Amino acid sequence: MELLIKNGYVFDPLNGINGEKMDIAVKSGKIVEKVSKKAKVIDASGMTVMPGGVDIHSHIAGGKVNSGRMLRPEDHFRDVEKKTAVTRSGVGYSIPSTFTTGYRYARMGWTTVMDPAMPPLEAKHTHEELSDIPIIDKASYPLLGDWWFVLEYLRDGRIEECARHVAWMLKATKGYAIKIVNPGGLEAWGFGRNVHSINDPIPNFCITPREIIRGLCKVNKLLHLPHTIHLHTNNLGMPGNYLTTLETMRCVEDMYDGGKPVMHITHCQFSAFKGEDWRTFDTGAEEIAEYMNAHSHVTLDMGQVIFTDTTTMTADGPFQYTLYTLTGNKWVNHDVETETSSGIVPFQYRPKSAVHATQWSIGLELALLIKDPWKIFLTTDHPNAGPFIGYPQVIAWLMSCKAREETLKKLHPKARKKSLLPTINREFSLYDIAVVTRAGQALALGLTFKGHLGVGADADIAIYNINPEKLDPSRDYEAVIKAFGCAAYTIKGGDIVVENGEVLKHVPGATLWVNVETCKPCEMEVDEGLKRRFREYWTVEYENYPVDEHYLAISRKINVKADV
Amino acid sequence: MTVVKAVTCPVCGCLCDDIELTVRNGRIIKVKNGCAMCEAKFLSHASDHRPTKSMIRREGKLVEVSLEEAVRKAAEILVDASYPVLYGWSSTSCEATKVGIELCEEIGGVIDNTAVVCHGPSILAVQQVGIPSCTLGQVRHRADLIIYWGCDPWSAHPRHIERYTAFSEGRFEKSAWRTYINKVKALVGSKKIESAIRRLAIKSWEPAVARVEKSPSQYLSREGRKLIVVDVRRTKTAEMADYFIQVEPGKDYELFKAMRALIRDQEIEVDRVAGVPVEYLEDVVDVMVSCDFGAIFFGLGLTMGSAKLKNIEEAIRLTRDLNMRTKFIIMPMRGHFNVAGANIVSTWETGYPFAVDFSLGYPRYNPGETSVVDILLRKESDAALVIASDPVSNFPHKASEHLVQKPLIVIDAHMNVTASMADVFIPAAMVGIEAEGTAYRMDHVPIPLKKVVDPPEGVFSDEEILRLILSEVRKIKKERMEAG
Ligand code: SF4
Ligand SMILES: [Zn+2]
């Protein structure tokens, strides 16, 4: 099918296009130079055209997400989606069901979403859900930071074999990137303990979080993975942790060669806390921003807090336990043998809580104080700091001082006093928004065919009811929220899937995964002894562990060649 | 003759995936590694009593018809019904359940799985307080204290103990791990354990609480893992335990309460709780707080008792309290091999694990109202589809009565009691033997089910049959819409 999007104001930062009025041509799912007369025309005059949104970090699928759904019927009761002639029914709110997840992203003009935490043993579950999520393309990052094989290879200094194992694991789990959560802390949590700095020895393994981070960073390079290591820091959610974060960023400085960044620190808001305890809790955004402005080897995403009732869920078992002891709320813990842990606690962010309000401020401070928008991306760590349907609100906060002031007024006075926001008058342009919601994210992910509208790119396009010549987002931020919440059109792979916020089609999306070609096979594939070790480590058979490709509704394999 | 390795056993929630099958001429002739239940199931595929033809009830009798005719009839029943129920799902694949949910949404019915009559209360309790748990390998590697409460794995989950708990070998199970754990704590802990054991060993647990003689389980050394069983009667598993606590029927809740009090160092005013002397209980609690990793597995003894939901909630609260002192997890012993999967798939597609009502066009969940037994007891449903389950044998009599009075479709590999009362019967392939798919173990680990042999001629899988019915339903709806 051919498509011509005419006369829109195009924001395509990866190609340096900043609000120019131009046409975008689409053929067979790709952006092309031009199309024939037969092409269907979308009149986008007076509207904003962007590449489809890309989300680098959003918990949308898998065992942990689903346990959250199961845990919280009260989350769903008041937020339901009826079946229509073309769409399936479902429920929200903070942990929407699979179909609803796809529709809601598409309605906002987002077309690619990365699920950031897949326990390898339960990877089939993640993929079953991902395949069920319609419209959007997606991928998932296997949790590898506390995997026994990684710990052992790094301890023994066998970095190349470690790399081949990671390559095997990416293939086995149909994964996209190396995810590290509270390195070492999750293994320690197996016996109810934790680590408290990147130099703490990990019980039983004679290795430190620093060595894991550096080791996997090296592995990432040896394998030429499209994304960097994707890291959830030690001490996440603890007052004073901005120091850990700075130390973490510093520990890989020497691995940067001036080219691509080497590390992504996710939902940085949760890792930018100052203060000795919850009473003296304060923002550490300034220090982090200062570091980020002076260095280029790290990218971040915000993890922006939205004031609402949500569900926290991370692989960070000990952190979730702390959250449970702080709140007394219901608590799910799910440790996964040999690999990782996870926890779930429902949570309400209240503007009248000094801590929550400061957390809200930290996220925005980070985004606004870090000068280069290509270094920090918009996320809410869905659903940890708030559900993804809050993105339009976050966009408004970024684009409008007035929107921020409105919220500031409602905050706990202590938090208001501490907030750096009143001193910041930076307001994001639509171009900046296009960077932090799609172009920057695609670039950091190494998704060369996403996040831009150049010839050859996937025809994933969002068209919003925003006339940049007429609308002043700074004043009229409510209109911005409305426009981003309800795309005029969403086009996915050349298909018009949403019109005026209404889903027109239930089409499957693809699952992206990285197929690393190594110079020689990983030991496990050839060594019977290691296969036996596999059986000792896990309670499933070697043959039943990998995710067969048929679990992926549409499998999109990205081939890379490794050095090892 | 071929040997197929790493086959998953489609019987109980242990979902052992190390079964080796020998196949000759399309028949399984030998089963290795499995328990007796496993062996019986795999060998049954070649039974002579397998139904292979679809049937429809005519003039009170089931008569053979073509598959197409049966599918057409089933679809008509479902389209004509205003409030049909779709029940079963725990012994089929997740893939089949997915089609079932789509079918149910299409006809605006209620879909419910067998959890509603077994671990339903466990799910409700989890929805109240959550659950600290883990995968079974975590228990195998780390647990030095195993407690089976109200369940008898030796009989119902025969390989649970050897694969995942007391008899299994894990990374930290032997001496090595103690040195890693905070040394002081380990020292105090192990002394406490040892003294507790010494005390318990010389005392006799009479009359209600009996310490079992040294069991056939020589693996259970004093220093190593310890196994405690709590039950109303002395089960096979209890015979092997280091301690057996015989709780008075219906008194589990009191026992949990007392344990929670003891953990918080509160005095208990009575001498006995649930028939157990409080001083014995103190010793047991001592062992619990001083272990390094404890695991409670509970079964229908807790979920079917009079206190049901309260029991489980209290058991989970006990586990939460224990996490203040050490590492502790709790897990329900799910029965059917894929009951966990039925809950899981239902949750990701609808938000709810069972008892999902689509009559308003979106998923609604209100166990007690939207659960199948309650619907049947209120005589509200006007048709039913039962798959891979035999509700007539275990539902309350009044519920079964209503079930069979209304048009009933049954999809099953065997002619069970419910099937024999069906209006439409469609024979199905045995999933995990004659059809592939995915199932979820009791700890939510997904494991693939293999197709090892072909199903009998003309017999299809649950998933395929449901797809046929779904497309027929859509066809009929379209026809009728066009006809006005
Ligand atoms: S324990 Fe259960 S799953 Fe394992 S072989 Fe026996 S019946 Fe099958
Ligand atoms: Zn996250």
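Proteins come first, then strands; the chains are lettered A, B, ... in the order of their sequence lines, and each starts at number 1. Treat the numbers as computed from the prediction; the structure is a model and nothing was measured.
- For chain B, the option among A:Gly317, A:Gly192, A:Ser97 with the highest count of heavy-atom pairs below 4.5 Å is A:Ser97.
- For B:Arg264, the CZ atom sits in a packed shell: over 12 heavy atoms of surrounding residues, nucleotides or ligands are nearer than 6.0 Å.
- Figure legend: cation-pi geometry between B:Arg320 and A:Tyr324 absent, as NZ or CZ is not positioned both under 6.0 Å from the six-membered ring centre and within 45° of its axis.
- Using a 4.5 Å heavy-atom threshold, the side chains of A:Leu130 and A:Ile60 count as touching.
- More than 12 non-hydrogen atoms from other residues, nucleotides or ligands lie less than 6.0 angstrom from CZ of B:Arg474.
- Residue contact with chain B, scored on non-hydrogen atoms closer than 4.5 Å, involves the backbone and the side chain of A:Phe77 alike.
- The aromatic ring centres of A:His382 and A:Phe388 sit less than 6.0 Å apart.
- In this structure, the side chain of A:Arg69 engages the main chain of A:Pro96 through a donor-acceptor pair within 3.5 Å.
- Note on A:Lys83, A:Glu337, A:Glu129, A:Lys124: by heavy-atom pairs under 4.5 Å with chain B, the leading option is A:Glu337.
- Ranking B:Asn323, B:Ile447, B:Ile329 against chain A, the residue ahead of the rest is B:Asn323, based on heavy-atom pairs under 4.5 Å.
- Heavy atoms of A:Asp548 lying under 4.5 Å from chain B are absent altogether.
- Interface check for chain A: of the options B:His444, B:Glu95, B:Arg441, the most heavy-atom pairs under 4.5 Å are formed by B:Arg441.
- When each of A:Glu128, A:Glu543, A:Arg535, A:Glu536 is checked for heavy-atom pairs under 4.5 Å with chain B, A:Glu128 comes out on top.
- With a 4.5 Å cut-off on non-hydrogen atoms, A:Val540 touches chain B through its backbone and its side chain both.
- Under the 4.0 Å criterion applied to side-chain N and carboxylate O atoms, B:Glu106 and B:Lys477 are assigned as salt-bridge partners.
- Using cut-offs of 30° and 60° on the angle between ring planes, the pair A:Phe534 and A:Tyr545 is perpendicular.
- The residues B:Arg364 and B:Glu105 are annotated as not salt-bridged, no charged nitrogen and carboxylate oxygen being separated by less than 4.0 angstrom.
- In this structure, the portion of B:Gln128 lying under 4.5 Å from any heavy atom of chain A is its backbone and not its side chain.
- Listed by sequence position, B:Thr347, B:Trp348, B:Glu349, B:Thr350, B:Gly351, B:Tyr352 are the residues of residues 345-352 of chain B in contact with chain A, using a 4.5 angstrom heavy-atom cutoff.
- Between the side chain of A:His334 and the backbone N or O of A:Ser67 there is no donor-acceptor pair closer than 3.5 Å.
- Among the candidates A:Glu81, A:Lys82, A:Arg88, the residue making the largest number of heavy-atom pairs closer than 4.5 Å to chain B is A:Arg88.
- In this structure, chain A has no heavy atom under 4.5 Å from any part of B:Ile316.
- Of the residues considered (B:Val445, B:Thr438, B:Asp443), B:Thr438 shows the highest number of contacts with chain A, using heavy-atom pairs under 4.5 Å.
- For A:Thr100, no part lies near chain B; criterion is any non-hydrogen pair under 4.5 Å.
- Each of A:Gly190, A:Ser342, A:Gly63 has some count of heavy-atom pairs under 4.5 Å with chain B, and the biggest count is that of A:Gly190.
- Contact check on A:Asp79 versus A:Arg104 returns a salt bridge, with a Lys/Arg side-chain nitrogen under 4.0 Å from an Asp/Glu carboxylate oxygen.
- Heavy-atom proximity under 4.5 angstrom to chain A picks out B:Val126, B:Gln127 from residues 119-127 of chain B.
- Looking at B:Cys94, the atoms closer than 4.5 Å to chain A (heavy atoms on both sides) all sit in the side chain, from C-beta outward.
- Looking only at distances, a side-chain donor or acceptor of B:Arg225 sits under 3.5 Å from a matching main-chain atom of B:Ala143.
- Contacts between B:Phe328 and chain A at a heavy-atom distance below 4.5 Å are absent for every atom of the residue.
- A salt bridge does not link B:Lys5 with A:Glu541: none of the charged nitrogens is closer than 4.0 Å to a carboxylate oxygen.
- Taking the six-membered ring for Trp and the full ring otherwise, B:His141 and A:Trp538 have centroids separated by 6.0 Å or more.
- Aromatic ring centres of B:His160 and B:Tyr164: separated by under 6.0 Å.
- Separation of the A:His76 and A:Tyr93 ring centroids does not fall under the 6.0 Å cut-off.
- Heavy-atom distances place no part of A:Arg72 under 4.5 Å from chain B, backbone and side chain included.
- Residues B:Phe297 and B:His157 place their aromatic rings such that the two centres sit no closer than 6.0 Å.
- Checked by atom type and distance alone, the side chain of B:Ser133 pairs as donor or acceptor with a backbone atom of B:Ile330 at under 3.5 Å.
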